[in-house]
Amino acid sequence: MSGFTSDDHRFMAAALRQAEFGLASTSPNPRVGCIIARDGQVVGQGWHERAGEAHAEVHALQAAGALARGATAYVTLEPCAHHGRTPPCTEALINAGVSRVVAAMQDPNPAVSGRGLAHLADAGISTACGLLADEAEELNCGFVSRMRRGRPWLRLKSAASLDGRTALANGISQWISSEASRADAHHWRARSCAILTGIGTVLNDDPQLTARAVGCERQPIKVVVDSELRTPPNARLLASGRVLVACARMPAERADALQARGAEILHLPGADGRVDLWAVLRTLANQGVNEVLGEAGPTLGGALIASGCADELLLYLAPKILGNGARALFDMPDITSLGQADDWQVHDCRQIAGDIRLRLRPRIAG
């Protein structure tokens, strides 16, 4: 973007790297990093570690100390100007005497967007916004989605063979992908606020749905789409953490058994007699959930795509061919022309061990 120097770009990139430290810990708050710089040098840096604690600007200003006076603050998200669980960051920046504040993007919350920069400008501080905005928004795609669309960002994960098969005809799927791919998937679990699965996966695989392969102080909420509450009370996912079971019908005896194990029941029937998937996402957004990782079988996975709920596909393709009898990646409605096909574009592609990891997003949003 014009008007920004090479140093501006360098320091904002560093602020984004700081923000990444909070990938798995800041929910429901956004991931934010801050750099304090003067005379071409970093004099303070910090990142928001967890909700309810000091924001990135406060950490960076404390590190800079007296050197903050007359310096420039680079922040990946517009500084807050309101009292929440912590004081406004704008006041901290003003009191520290910084002369300039550069924000990567405005706060996407329409109730506060622009107020932070306006507060700083009113105090005589030079402000600028929009430097590496796309990168900043990507870092907080879930928070941005919740603020702008009223629902979390849903990333649908699956492992498949080259011919698009996720399991043998007898249901065996362990393991299609490599150990390295499975470890990588746990990083995506760790950064997610919730993991969404279907009753078919629970009955067939009895998963734990935890981020075990990486250090994670905050385990994701577990969400099961289970129209008739068939989740067994002894399912492994009920052994720890918060569990939500979304149903369309609520047999009292089954509901009581699950609630006795600590599960929370969400009665969200749709017009088709199944769980209303959009209602599930709205409910999660109302509970502060920013990113959801869908780990579902072909039925729920196909339903999430067909309903337009899926914002991203995270696919691990293994160099195997399983044949026509193996289970398909997604159960989707039949189409009669290629023009009716869901059209996705590659957002990122990289090799992990012997597998290929693809991240895809709808070519036409919404």
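Note that the structure is predicted; figures quoted are calculated from it, not measured. Numbers for residues simply follow the sequence, beginning at 1.
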Identify the two heavy atoms, one from [X] and one from [Y], that lie closest to each other, and give their separation to 0.1 Å.
X	Y	value
P298	A328	CB-O, 3.5 Å
H48	E53	CE1-O, 3.6 Å
N95	R69	O-NH2, 3.6 Å
F11	V42	CE2-CG2, 3.6 Å
L132	A13	CD1-N, 3.7 Å
C89	E57	SG-OE1, 3.4 Å

Identify whether [X] and [Y] are in the same connected component of the hydrophobic contact network (ILVMFWY, side-chain heavy atoms under 4.5 Å).
X	Y	answer
M105	L16	no
L238	I199	yes
L317	L329	yes
V346	L313	yes
L244	L268	yes

Should [X] and [Y] count as side-chain neighbours, where that means a heavy-atom distance under 4.5 Å?
X	Y	value
I125	S99	no
P152	S145	no
L237	V243	yes
D276	P269	no
L156	L314	no
C141	E291	yes
V101	P79	yes
L23	L139	yes

Atom pair [atom1]/[atom2] of [X] and [Y] - distance to nearest 0.5 Å:
X	Y	atom1	atom2	value
I221	I195	CD1	CD1	10.5 Å
D343	Q345	CG	CD	8.0 Å
E20	T76	CD	OG1	10.0 Å
H267	M250	NE2	CE	7.0 Å
C34	L77	SG	CG	11.5 Å
R191	S25	CZ	OG	12.0 Å

So with a 6.0 Å cut-off around [atom1] of [X], is the heavy-atom count from everything else above 12?
X	atom1	result
D272	CG	yes
E179	CD	no
E264	CD	yes

**Study point:** Parallel, tilted or perpendicular, as decided by the 30° and 60° cut-offs, for the rings of W47 and F21
**Key:**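 Tilted, since the angle between the ring planes falls between 30° and 60°.
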
Practice item. Could you tell me how the ring of H9 sits relative to the ring of F4: parallel (under 30°), tilted (30 to 60°) or perpendicular (over 60°)? Key: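 Because their plane-to-plane angle is over 60°, the rings of H9 and F4 count as perpendicular.
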
**Study point:** Residues which pass ring pair (Phe, Tyr, Trp, His ring centres under 6.0 Å) with F330, listed by chain and number, not counting sequence neighbours
**Key:**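 By the ring pair (Phe, Tyr, Trp, His ring centres under 6.0 Å) rule, F330 matches no residue at all.
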
**Study point:** Residues forming a ring pair (Phe, Tyr, Trp, His ring centres under 6.0 Å) with W188, sequence neighbours excluded
**Key:**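 Ring pair (Phe, Tyr, Trp, His ring centres under 6.0 Å) list for W188, sorted by chain: empty.
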
Is it true that [X] and [Y] have a side-chain N and a carboxylate O under 4.0 angstrom from each other?
X	Y	result
R100	D8	yes
R115	D122	no
R31	E137	no

Practice item. Would you sort out whether I356 and C349 count as a side chain to side chain contact (heavy atoms under 4.5 Å, CB included), showing the intermediate values? Key: CA-CA 7 Å; I356 298 296; C349 177; 3.8 Å; yes

Heavy-atom donor-acceptor pair, [X] side chain to [Y] backbone, under 3.5 Å:
X	Y	value
R10	G40	yes
D311	L154	yes
K320	R165	no
R249	G273	yes
R274	D226	no

**Study point:** Step-by-step side chain to side chain contact (heavy atoms under 4.5 Å, CB included) determination, Y316 to S158
**Key:** CA-CA 6 Å; Y316 296 90; S158 190; over 6 Å; no

Exercise for review: Before giving the answer on salt bridge (charged side-chain N to carboxylate O under 4.0 Å, His left out), spell out for R236 and D205 the whole-Å C-alpha distance, their side-chain angles and the decisive distance to 0.1 Å.
Suggested key: CA-CA 10 Å; R236 291 202 300 169; D205 299 339; over 6 Å; no

Point to revise | S113 vs D107, side chain to side chain donor-acceptor pair (under 3.5 Å): CA-CA, chis, key distance, verdict | key: CA-CA 5 Å; S113 181; D107 191 323; over 6 Å; no

**Study point:** Short side-chain donor-acceptor distance under 3.5 Å, S177 and D355
**Key:**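 Their side chains do not contain a donor-acceptor pair, so the 3.5 Å distance test is not met.
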
Practice item. Report the C-alpha separation of R254 and D256 in whole Å, then their side-chain angles, then the decisive distance to 0.1 Å, and conclude whether the salt bridge (charged side-chain N to carboxylate O under 4.0 Å, His left out) test is met. Key: CA-CA 5 Å; R254 296 179 183 178; D256 291 344; over 6 Å; no

Point to revise | E295 vs R189, salt bridge (charged side-chain N to carboxylate O under 4.0 Å, His left out): CA-CA, chis, key distance, verdict | key: CA-CA 10 Å; E295 297 196 19; R189 281 187 177 186; 2.8 Å; yes

Practice item. Check whether NZ of the Lys or CZ of the Arg R361 lies under 6.0 Å from the centre of the six-membered ring of W344 and within 45 degrees of that ring's axis. Key: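 No cation-pi geometry.
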
Practice item. Give the C-alpha distance, both sets of side-chain angles, the deciding distance and a yes or no for side chain to side chain contact (heavy atoms under 4.5 Å, CB included) between L209 and V223. Key: CA-CA 9 Å; L209 298 185; V223 185; over 6 Å; no

Review point. Going through the checks in order, is the side chain to side chain contact (heavy atoms under 4.5 Å, CB included) test met by R38 and L67?
Key: CA-CA 8 Å; R38 61 182 302 159; L67 293 177; 4.2 Å; yes

Practice item. Please lay out, stage by stage, how R242 and Q287 fare under the test side chain to side chain donor-acceptor pair (under 3.5 Å). Key: CA-CA 12 Å; R242 188 179 176 203; Q287 298 191 22; 2.5 Å; yes

Point to revise | salt bridge (charged side-chain N to carboxylate O under 4.0 Å, His left out) assessment of R363 paired with D342 | key: CA-CA 9 Å; R363 192 171 296 277; D342 270 60; over 6 Å; no

Exercise for review: Would you sort out whether D163 and S161 count as a side chain to side chain donor-acceptor pair (under 3.5 Å), showing the intermediate values?
Suggested key: CA-CA 5 Å; D163 50 346; S161 62; 2.4 Å; yes

